[in-house]
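Data block below; observations after.
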Amino acid sequence: MKDKLFDVASRFVLEGKIEDIKPLGEGFINDTFLITTEGEESPNYILQRKNTNIFKDVPGMMGNIQKVTAHLKAKIKAAGGDTSREAMTINVTEEGLPYFADENNDYWTICMFIKDNITYEAADSPELAFAGGKGIGKFQAMLADMKEPLVDILPGFHNIRFRFKQWDEVLANDPVGRKKDLQKEIEWVESRREEMLKFWELVENGTIPTRVTHNDTKINNILFDQDGSDLCVIDLDTVLNSTVLNDYGDAMRSYTNTGLEDDENLDNVSMDMEIFTAYTKGYLGETISFLTEKELEYLAFSAKYITYEQVLRFLMDYIDGDNYYKVKSPEHNLVRTHAQYKLLTSMEEQFEEMNKVVNQYSKELS
Ligand code: GN1
Ligand code: MG
């Protein structure tokens, strides 16, 4: 494996002599490695083997990421920021391509490792949540005037109508016979089908606008700086044209959870209102100038929407025999389903309060 990794890395134009390449983190989708180089001066890099089961068009995806990072860097430069730390830098091969496709049709990519960053798996303080909200808010604000369309490399990604299509097929096939023990869980999904479709209709008919969005804003997809401020939004694989509500909603699903995404102890799981408030304040401070009334009206709802979607996706993958998410045990996707459902019900209980917070900051900050 090491030889393979060194061979792949050698196809890219990198500074410095490679010292080592080691696995990094525990992504659910891609395989990620850290490339260290000799000496202090040359940078380190992140190498990834993209999951082509999910990303069927890696050239399209990397083209999107190049467009988005170029737009971000121009904005950061104009504002006098540090373009090498505040946006991702994509490295190219000797041929100038942002990916290398090997003989097995595996797709590899490299980006610069951003020095002295801090990442978190949980938002353990309101200050951190505020910084995270600011980070995603700034990201969206910088991309708000990007007119060039992105390639839709993940059709239907946060589109619940599309998810129901997949869901209905998987349930009809029941390929590993798991459906019979899941009446209760299936009902969790079915009982909210209409409510979720009604919201998505507003995106489909343009009542809620489509913009450049990240679509995977959980807390470990943003880097923080040494002083606790937001530094750089990473994992741009899912940048798409969709609604900004996906990003706010997914962040709320991740930041406000008092437990783990796959917590076995459901007593640990609930929505933390203090974290919700801090993130919302940070986020609206950066976005209030361009968000429409309809977007604001559905902001709190989007937290429920994305959490619901995640319940559906984890349960659907479990019924399908675990083909999408990496799992650590046979029941992992079911454990995830239960934990996300607990979070959803906690949001439902606090929904009125969530709306009040959004309304309060919408007024205060505009
Ligand atoms: C995946 O790649 P990662 O781990 O950041 C997934 C998200 C899910 C998330 C659940 C392309 O994100 O949509 O919300 O897991 N990404 C893709 O934690 O499906
Ligand atoms: Mg990630």
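Residues that satisfy the ring pair (Phe, Tyr, Trp, His ring centres under 6.0 Å) test with H158, not counting sequence neighbours, are absent from this structure. Residues satisfying the ring pair (Phe, Tyr, Trp, His ring centres under 6.0 Å) test with Y120, not counting sequence neighbours, are F224. Applying the salt bridge (charged side-chain N to carboxylate O under 4.0 Å, His left out) test to D152 and every residue at least two apart in sequence or in another chain returns nothing. The salt bridge (charged side-chain N to carboxylate O under 4.0 Å, His left out) check on E187 picks up nothing, with sequence neighbours excluded. Residues satisfying the salt bridge (charged side-chain N to carboxylate O under 4.0 Å, His left out) criterion with D57, sequence neighbours excluded, are absent altogether. For F301, the ring pair (Phe, Tyr, Trp, His ring centres under 6.0 Å) partners at least two apart in sequence or on another chain are F199. In this view, Y99 and Y107 satisfy the ring pair (Phe, Tyr, Trp, His ring centres under 6.0 Å) rule, not counting sequence neighbours. Among residues two or more places apart in sequence or in another chain, the salt bridge (charged side-chain N to carboxylate O under 4.0 Å, His left out) test is passed with R161 by E204.
Listed by first and then second residue, the ring-ring contact (aromatic ring centres under 6.0 Å, His included) pairs involving residues 335-366 are W188-H338, W188-Y341 (not counting sequence neighbours). The list of salt bridge (Lys or Arg N to Asp or Glu O under 4.0 Å) pairs with a residue in residues 309-318, not counting sequence neighbours, reads E309-R313.
In summary, E195 and K304 engage in a salt bridge, as defined by a charged side-chain N under 4.0 Å from a carboxylate O.
In this structure, OH on Y308 lies 5.5 Å from CD1 on I160, to the nearest 0.5 angstrom.
Of the possible polar contacts, none joining the T256 side chain to the R253 backbone as a donor-acceptor pair under 3.5 Å is found. Within the 3.5 Å criterion, the main-chain N or O of H214 finds a donor-acceptor partner in the side chain of T238. Here the side chain of N91 pairs a donor or acceptor atom with the backbone of M112 at under 3.5 angstrom.
Cluster membership check: F55 does not share its hydrophobic cluster with I110, using side-chain heavy-atom separations under 4.5 Å among Ile, Leu, Val, Met, Phe, Trp and Tyr.
Other residues, nucleotides and ligands place no more than 12 heavy atoms under 6.0 Å from the NZ atom of K77. Heavy-atom contacts from other residues, nucleotides or ligands closer than 6.0 Å to CD of E40 number 12 or fewer. K50 NZ: more than 12 foreign heavy atoms inside a 6.0 Å radius.
Under the 4.5 angstrom side-chain criterion for Ile, Leu, Val, Met, Phe, Trp and Tyr, the cluster partners of L34 are L24, I46, F113.
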Do any side-chain atoms of residues 11-19 form donor-acceptor pairs under 3.5 angstrom with protein atoms, and if so which ones, sequence neighbours left out?
unit_1	atom_1	unit_2	atom_2	d
R11	NH2	D7	OD1	3.3
R11	NH2	D7	OD2	3.2

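Geometrically, R211 does not engage F290 in a cation-pi contact, judged by NZ or CZ lying under 6.0 Å from the ring centre and within 45° of the ring axis.
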